[in-house]
Amino acid sequence: MTTVRVPAGWPATEQQARAVQDELRARVVHDEPGPPPGTGYVTGVDVAYDDERDVVAAAAVVLDAVSLDTVAEATAVGRVSFPYVPGLLAFREVPTVLAALEALPCPPGLVVCDGYGLAHPRRFGLASHLGVLTGLPTIGVAKNPFTFTYDEPAHPRGSSSPLLAGVEEVGRALRTRDGVKPVFVSVGHRVRLDTACAHVLRLTPDYRLPETTRRADALCRGALRETVGA
DNA sequence: GCGACAG
DNA sequence: ATCTTGTCGC
């Protein structure tokens with residue numbers, strides 16, 4: 001497991017962080033379809049915190065897109081690099097997540113993030129940020145609608161409705177289990193929304209949340225415990 | 001002006 | 001995110 005320090009020049013204030021988002025946003029690519037669902041690799045990333053000790057642990061888990069078998073995994077630990085501020089989540093997670101991705105023995109393919117991409121106050125959420133910094137195709141899958149609105153999708157798995165910022169569709173509320181609260185999908189970098197939703201459905205044969213995030217979540221929690229103790 | 005607000 | 005027992009159900 002690799003260890004990371006807060007990068008030199010990392011934003012120290014909310015104002016600086018917002019300025020970084022406004023600058024990097026111009027580099028997001030939205031006109032590529034993205035990797036075809038059911039091919040290659042799909043990688044989940046997630047982080048766990050110990051705010052008390054100022055520690056963050058990140059995990060990256062690579063799945064075979066067809067079998068959903070885990071083919072590789074990596075972890076990294078670091079210092080918390082930013083406080084939690086809605087809209088600035090990426091500044092808390094990105095350095096350690098990057099380290100975990102770089103520690104993988106193979107290319108990650110599509111990266112599935114825990115949170116949002118385009119669905120963000122300045123249209124540059126965690127998935128967008130990670131995509132621009134790595135050049136990889138990324139999507140965001142969140143458990144909550146954040147500040148956005150949506151109509152309840154129809155009952156069956158696979159149903160969806162637009163996730164709205166006013167009249168703008170910034171993502172999709174996608175039902176991954178019959179009658180269960182939907183997940184909230186938005187594009188990050190180099191993927192279209194339809195492709196993103198198709199990936200999420202393939203990644204949810206058994207549970208509401210994608211296998212990618214479930215496995216990354218379990219792995220980073222374990223890494224945090226090994227670092228910090230019981 | 002006062003909350004609400006991904007993780 | 002995290003704090004947290006038991007419990008209902010497949």
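Computed from a predicted structure; not experimentally measured.
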Notebook entry, point to check: What is the distance, rounded to the nearest whole Å, between atom OH of A/Tyr116 and atom P of B/dG7?
Noted result: 7 Å
Next item on the list: Remember a base hit wins even if backbone is also touched, and classify A/Leu88 as base, sugar-phosphate or nothing at under 4.0 Å, heavy atoms.
Entry: base
Item checked: Ring-on-base stacking B/dG7 with A/Tyr84 (under 5.5 Å, under 30°) -> yes
Notebook entry, point to check: With respect to the phosphate group of B/dA6, does any side-chain polar atom (N or O) of A/Arg92 fall under 4.0 Å of OP1 or OP2?
Noted result: no
Check: Taking the inter-plane angle between the rings of A/Phe91 and A/Phe82 on a 0 to 90° scale, is it parallel (under 30°), tilted (30 to 60°) or perpendicular (over 60°)?
Finding: tilted
Check: Judged by modelled atom types alone, do A/Arg215 and A/Thr70 share a side-chain donor-acceptor pair under 3.5 Å?
Finding: yes
Margin query: Which nucleotide wins on minimum distance to the side chain of A/Ala48, given the candidates C/dT2, B/dA6, B/dG7?
Written below: C/dT2
Notebook entry, point to check: So, is A/Lys143 close to the B/dG7 phosphate, meaning a side-chain N or O under 4.0 Å from OP1 or OP2?
Noted result: yes
Checklist line | Stacked cation flag A/Arg172 on A/Phe184, 6.0 angstrom / 45 deg | finding: no
Margin query: In whole Å, I'd like the distance from the CG atom of A/Asp50 to the C1' atom of C/dC3.
Written below: 12 Å
Next item on the list: State whether a side-chain donor-acceptor pair under 3.5 Å links A/Glu93 with A/Tyr49.
Entry: yes
Next item on the list: In whole angstrom, give the distance that lies between atom CG of A/Leu163 and atom C1' of B/dA6.
Entry: 11 Å
Notebook entry, point to check: Under 4.0 Å between a side-chain N or O of A/Asn144 and OP1 or OP2 of B/dC5?
Noted result: no
Check: Heavy atoms under 4.0 Å, any strand shown: does A/Phe146 hit a base, just sugar-phosphate, or nothing?
Finding: base
Check: Taking atom C1' of B/dG7 as reference, at what distance in whole Å does atom CG of A/Leu130 sit?
Finding: 14 Å
Next item on the list: Please report, rounded to the nearest Å, how far the C1' atom of B/dG7 is from the NE2 atom of A/His120.
Entry: 12 Å
Notebook entry, point to check: Taking OH from A/Tyr150 and P from B/dC5, how many angstroms apart are they, rounded to a whole number?
Noted result: 13 Å
Notebook entry, point to check: Within this structure, what is the CG-to-P distance between A/Asp54 and C/dA1, rounded to whole angstrom?
Noted result: 19 Å
Note to self: If I take atom CD in residue A/Gln21 and atom C1' in nucleotide B/dA6, what distance separates them, rounded to the nearest angstrom?
What the structure shows: 12 Å
Check: Charged N to carboxylate O below 4.0 Å: is that the case for A/Arg175 and A/Glu152?
Finding: yes
Notebook entry, point to check: NA contact type, A/Gly87, heavy-atom cut-off 4.0 Å: base, sugar-phosphate, or nothing?
Noted result: base
